[in-house]
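Since the model is a prediction, treat every value here as computed from it, not as a measurement. Computed over heavy atoms, backbone and side chain alike; hydrogens, waters and symmetry mates excluded. Every chain is numbered from 1 and lettered A, B, ... according to where its sequence line falls, protein lines coming before strand lines.
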Protein chains: 2
Amino acid sequence: MGKIEDAIRQKEFKDPYNKAVVNLLYTHSYLVTIQNSLFKPYDISPEQYNVLRILRGQNGQPTTVSSIQDRMLNKMSNASRLVEKLKTKGLLIREECPTDRRQVDVVISEKGLNLLKELEVKVEESNRTLIHLNEEEVAQLNDLLDKMRG
Amino acid sequence: MGKIEDAIRQKEFKDPYNKAVVNLLYTHSYLVTIQNSLFKPYDISPEQYNVLRILRGQNGQPTTVSSIQDRMLNKMSNASRLVEKLKTKGLLIREECPTDRRQVDVVISEKGLNLLKELEVKVEESNRTLIHLNEEEVAQLNDLLDKMRG
DNA sequence: AAATAATAAATGTATATACAAATAATGTTA
DNA sequence: TAACATTATTTGTATATACATTTATTATTT
């Protein structure tokens, strides 16, 4: 039985709203712990995986660093440094934008596409099994999350 | 309208389960961004705040580092270093345990209690307003989160 | 009692988040 | 066109996460 009160050994919360914040923080930790162990053998972090997915979503079109930043799950993350890491690994190509030399064109590489293809299957399967809800409940969860952010 | 598809500009997801994982990661980022700005003026991080709350929950009884670790929202966090930071700020007292010299007794200080008292009111208010759900919905969200972790 | 195992905490290193500031290029305006 | 503002990216610094390793102490076994 996975009630949050037991997980962190706290008897009660001020109100259901304060409980929900703690519950979300704890659930996030549950998620990323599973994700990390999944990504570990591939020498890539969940954040780097996410950047690769954003790049592939562009269908070969170059993307700027700020556009990546925009689409990231964590808006405060540092796309510039993540791109640098992925470039070192040969998973993307980064070059100066010809029309605006402030910008940088980023494109996923063949190696990046292959890694993504291989990893994606495992991630999608993991995501399905790690959420112990039926179809109706998970749809409800999505609606509540969308709504709670206002 | 805060649908996750718009927030990260992704048209569709593999299935509602994969959407829920992304939704949770994104919602977490939404939460901690608000929390960080709230904590900033007090020179304390959400994680440090959480440790202080755990310590106060002991009602003056000394707690060991591993017991703090256990109750933390993020189990992979490093309680040892957080305790060190809080000690430097004078928010807790850390001393060698007399009965077992491997252990360390940690107790929240008067200064820590005062900070907690002041901060807590603001955190609780913030937590209530940042979740745009009614009482019934937030209870539902808590149930779904508890259940999804299995 | 000596050797070994187990436990508690601290430390090392890599990655990422958070946010401010610096740098460089482009746009705008007087 | 020179001065100024804006935009894109990088860099600096502090905090935290993730996980392996080390150190110190206590418990167990032979």
Asker: Looking at B/Glu135, is its backbone amide N or carbonyl O close enough to the side chain of A/Tyr17 to form a donor-acceptor pair, meaning the two atoms are under 3.5 Å apart?
Answerer: yes

Asker: Would you kindly compare B/Ile44 and A/Lys40 by the position of their nearest DNA chain D nucleotide and give the one closer to the 5′ end?
Answerer: B/Ile44

Asker: Between D/dA18 atom C1' and A/Ile34 atom CD1, what is the distance in whole Å?
Answerer: 15 Å

Asker: I'd like to know if the side chain of A/Asn142 reaches the main chain of B/Pro16, judged simply by a donor and an acceptor atom lying under 3.5 Å from each other, with no hydrogens or angles considered.
Answerer: yes

Asker: Taking atom P of C/dA18 as reference, at what distance in whole Å does atom OH of B/Tyr30 sit?
Answerer: 15 Å

Asker: Look at the side chain of B/Thr27 and the backbone N and O of B/Asn23, then say whether any donor-acceptor pair between them is shorter than 3.5 Å.
Answerer: yes

Asker: Over all strands shown, is B/Thr33 touching base, sugar-phosphate only, or nothing at heavy-atom distances under 4.0 angstrom?
Answerer: nothing

Asker: Considering every strand shown, what is the Watson-Crick or G-U wobble mate of D/dT30 when both distances are under 3.5 Å?
Answerer: C/dA1

Asker: Using a cut-off of strictly less than 4.0 Å between a heavy atom of the residue and any atom of DNA chain D, enumerate the qualifying residues of residues 65-87 of chain A by number.
Answerer: A/Val65, A/Ser66, A/Asn78, A/Ser80, A/Arg81

Asker: Ion pair present between B/Asp146 and B/Arg149, side-chain N to carboxylate O less than 4.0 angstrom?
Answerer: yes

Asker: I need the residues from residues 47-62 of chain B with at least one non-hydrogen atom less than 4.0 Å from DNA chain D; give them sorted by number, or say none.
Answerer: B/Glu47, B/Gln48

Asker: What class does the angle between the rings of A/His28 and B/His28 fall in, given that below 30° is parallel, 30 to 60° is tilted and above 60° is perpendicular?
Answerer: parallel

Asker: Could you tell me whether the side chain of B/Gln58 reaches within less than 4.5 Å of the side chain of B/Arg71, counting heavy atoms only?
Answerer: yes

Asker: Between B/Ser109 and B/Gly90 (side chain of the first, backbone of the second, donor and acceptor by atom type, cut-off under 3.5 Å), is there such a pair?
Answerer: yes

Asker: Mind listing the closest non-hydrogen atom pair of B/Ile4 and B/Val22 along with its distance?
Answerer: CG1-CG1, 4.2 Å

Asker: With a 4.0 Å cut-off on N to O distance, would you call A/Glu120 and A/Arg56 a salt bridge?
Answerer: yes

Asker: Do you know which two heavy atoms are closest between B/Asn18 and A/Val123, and how far apart they sit?
Answerer: OD1-O, 4.2 Å

Asker: Output the rounded distance in Å from CZ (B/Arg101) to P (C/dA10).
Answerer: 15 Å

Asker: Show me the protein contacts with nucleotides 5-7 of chain D, counting only N or O atoms at under 3.5 Å.
Answerer:
{"unit_1": "D/dT7", "atom_1": "O2", "unit_2": "A/Arg102", "atom_2": "NH1", "d": "3.1"}

Asker: Is B/Asp43 salt-bridged to B/Lys89, cutoff N-O under 4.0 Å?
Answerer: no

Asker: Take atom CG of B/Asp43 and atom P of D/dT13, then tell me their distance rounded to the nearest Å.
Answerer: 18 Å

Asker: Assuming nearest nucleotide by heavy-atom distance, tell me which of B/Lys89 and B/Glu96 is located more 5' along DNA chain D.
Answerer: B/Lys89

Asker: Under 4.0 Å, heavy atoms only, any strand: does A/Ser29 hit a base, just the sugar-phosphate, or nothing?
Answerer: nothing

Asker: Whole-Å distance between C/dA10 P and B/Glu95 CD?
Answerer: 13 Å

